[in-house]
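For the numbers below, each heavy atom of this structure counts, side chains included, while hydrogens, waters and symmetry mates do not. The sequence lines fix the lettering, A, B, ..., with proteins before strands; numbering per chain opens at 1.
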Amino acid sequence: MSFASKLIIWYQSEGRDLPWRKTRDPYIIWLSEIILQQTRVEQGLPYFYTFREHFPTVLDFAEASEDELLRLWQGLGYYSRARNMHKTAKIVAYELKGEFPVDYDSLLRLPGIGEYTAAAISSFSVGESKAVLDGNVFRVLSRVFGISTAINSTEGKKLFQSLAQDLISTIDPGTYNHAIMDFGATVCKPKAPLCESCVFRGECAAFEEGSVALLPVKIKSKKSRDRYFNYFLVEEDGLVLMARRGGDDVWANMYEFPLLETREDLDLETLMRTDEYRFFFGSTVVEPIGGITKHVLSHQNIYARFFRLPDAKSVLEKKDTWHYFFLENLDKLAKHKLIFSFIDKYFKD
DNA sequence: CAGCCGTGGGC
DNA sequence: TGCCCAAGGCT
């Protein structure tokens, strides 16, 4: 029996029942696929329901404001996904007459849709025969076929892409693509794979060689840099000073408190003597709130401290990105995790 | 094209 | 604790 047939048979009895698999509507499939990029099913599931509820059609999505989209996306990370989705929705709604593309080549031209997502949408919606190549597929193929070429090398990407396309079922490409990803996610897992009950147990090269735990091979990326953020809570009489981040750094366009970034972790006295502090806050006294908070991102470690200015009324909106908001309206702003988790704690009482 | 873009969970 | 990884894409 072929590789594809074994996978499909496994999938028909053991595959998970996920909500986006019940439709062939390319818009709904697109919603799920963007949400699931670099995201576990359990983490993305509630966001999928939220977006499907708020925006039943691509037209509803296109008519939303970017602020509303980012607010709903809050907490999911990789926020450029939401901004690219907005661009794509507007293209589909206003240039393509509301008809979501279903062919691979057309999908590939849309913002936020790369090779993986174009293959997923085209195969799931109309059965186009394009093999998906995601982290699951890399892992399954490298193990079953015993390939130790690094999956994040140029050579590896070409090799696995070609192999994946050779293996796809031309009878039912959509089910095959679902099957190989589900198999990777639930059986051929990164850690503690279920080799004892695996349908490829008798033919898996890695299992035979005892190299399952060593595959796939991945070139290590360079380690994260450290950054030191000092946030200032300027709040008085129900008004809070908020700052909107720029577009060329982490958390682009998200809201936070006024921020002073320093080269290292400064003590309060030194911080208050910096030119920036004196420019923004004069000689206003601050009091620290709690200790240091470490926030880990994919390419940087952020060490954050929070301070409160008791005499907040003397602080002006000194940047055009700084604006006062009523405390009860903060919930409407799209904030990154460091900020909304602080707010949840600090204003809980 | 190597580096960047978030967050959460497992061990 | 620190590291890996998760239905990737953009520049």
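Between A:K87 and A:P190, the one whose closest nucleotide on DNA chain C sits nearer the 5' end is A:P190. Mapping A:K223 and A:Y79 onto DNA chain B via the closest heavy atom, the residue that lands nearer the 5' end is A:K223. The 5' end of DNA chain B is approached more closely, in terms of each residue's nearest nucleotide, by A:R83 than by the other of A:A192 and A:R83.
Within the nucleic acid shown, A:W73 has no heavy atom closer than 4.0 Å to any nucleic acid atom. Contact annotation for A:R16: base contact, defined as any heavy-atom pair under 4.0 Å involving a base atom. Within the 4.0 angstrom heavy-atom criterion, no nucleotide atom of any strand lies near A:I302. Residue-level contact check: A:K191 touches neither bases nor backbone, having no heavy atom under 4.0 Å from any strand.
At the phosphate of B:dT7, OP1 or OP2 sits under 4.0 Å from a side-chain N or O atom of A:H295. Between A:K337 and B:dG8 there is a side-chain polar atom (N or O) within less than 4.0 angstrom of OP1 or OP2. Not one side-chain nitrogen or oxygen of A:K294 sits closer than 4.0 Å to the OP1 or OP2 atom of C:dT1. Distances shown here put every side-chain N or O of A:Q74 at or beyond 4.0 Å from the OP1 or OP2 atom of B:dT7.
In terms of the salt bridge (charged side-chain N to carboxylate O under 4.0 Å, His left out) criterion, residue partners of A:E269 (sequence neighbours excluded) are, by chain and number, A:R273.
Rounding to whole angstrom units, CZ of residue A:R81 and P of C:dA7 are separated by 13 Å.
At least one donor-acceptor pair closer than 3.5 Å links the side chain of A:S142 to the backbone N or O of A:F138. Proximity of a side-chain donor or acceptor of A:N152 to a complementary backbone N or O of A:I219 within less than 3.5 Å is detected. For the pair A:K335 (side chain) and A:L330 (backbone), a donor-acceptor distance under 3.5 Å is present. Looking only at distances, no side-chain donor or acceptor of A:R71 sits under 3.5 Å from a matching main-chain atom of A:A334.
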**Item:** side chain to side chain contact (heavy atoms under 4.5 Å, CB included) assessment of A:L133 paired with A:Y116
**Value:** CA-CA 6 Å; A:L133 182 56; A:Y116 163 77; over 6 Å; no
**Request:** Might you work through the side chain to side chain contact (heavy atoms under 4.5 Å, CB included) test for A:V102 and A:E128, ending with a clear yes or no?
**Result:** CA-CA 9 Å; A:V102 289; A:E128 185 167 343; over 6 Å; no
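Scanning residues 104-135 of chain A for heavy-atom distances under 4.0 Å to DNA chain B yields an empty list. Residues from residues 27-46 of chain A that place a heavy atom under 4.0 Å from any atom of DNA chain B, listed by number: A:Q38, A:T39, A:R40, A:Q43. Of the residues in residues 160-184 of chain A, none lies under 4.0 Å from DNA chain B by heavy-atom distance. Of all the residues in residues 241-252 of chain A, A:D249, A:V250, A:W251 reach under 4.0 Å from DNA chain B with at least one non-hydrogen atom.
Residue A:N84 has its side chain nearest to C:dC10 when only C:dC10, C:dA7, B:dC5 are considered. Checking B:dC1, C:dA7, B:dC5 against the side-chain heavy atoms of A:H299 singles out B:dC5 as nearest.
With both ends at atom C1', the span from B:dC5 to C:dA6 equals 14 Å, rounded to whole Å. The gap from the C1' atom of B:dC1 to that of C:dG9 amounts to 13 Å, rounded to the nearest Å. Taking the P atom of each, B:dG8 and C:dC10 are spaced 24 Å apart, rounded to whole Å. When the P atom is compared between B:dG6 and C:dT1, the two are found 24 Å apart, to the nearest whole Å.
Heavy atoms only, all atoms of each residue included: A:M254 and A:L70 are closest at SD-CD2, 4.2 Å. Between A:A164 and A:V137, the closest heavy-atom pair is CB-CG1, 4.3 Å.
There is a side-chain donor-acceptor pair under 3.5 Å between A:E256 and A:Y231.
Of the charged side-chain nitrogens involved, none lies within less than 4.0 Å of a carboxylate oxygen, so that A:D344 and A:K337 do not count as a salt-bridged pair. Checked for salt-bridge contact, A:D182 and A:R21 meet the test: a charged N lies under 4.0 Å from a carboxylate O.
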Run the side-chain donor-acceptor check on residues 24-32 of chain A: report pairs under 3.5 Å with partners two or more places apart or on a different chain.
residue : atom : partner : partner atom : Å
A:R24   : NE   : A:S125  : O            : 3.2
A:R24   : NH2  : A:S125  : O            : 3.4
A:D25   : OD1  : A:Y27   : N            : 2.9
A:Y27   : OH   : A:F55   : O            : 2.6
A:Y27   : OH   : A:T57   : O            : 3.4
A:S32   : OG   : A:I29   : O            : 2.7

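The aromatic rings of A:W251 and A:F229 stand perpendicular to each other, their planes meeting at an angle above 60°, with 30° marking the opposite boundary.
Side-chain contact between A:S123 and A:K130: absent, with no pair of heavy atoms (C-beta onward) separated by less than 4.5 Å.
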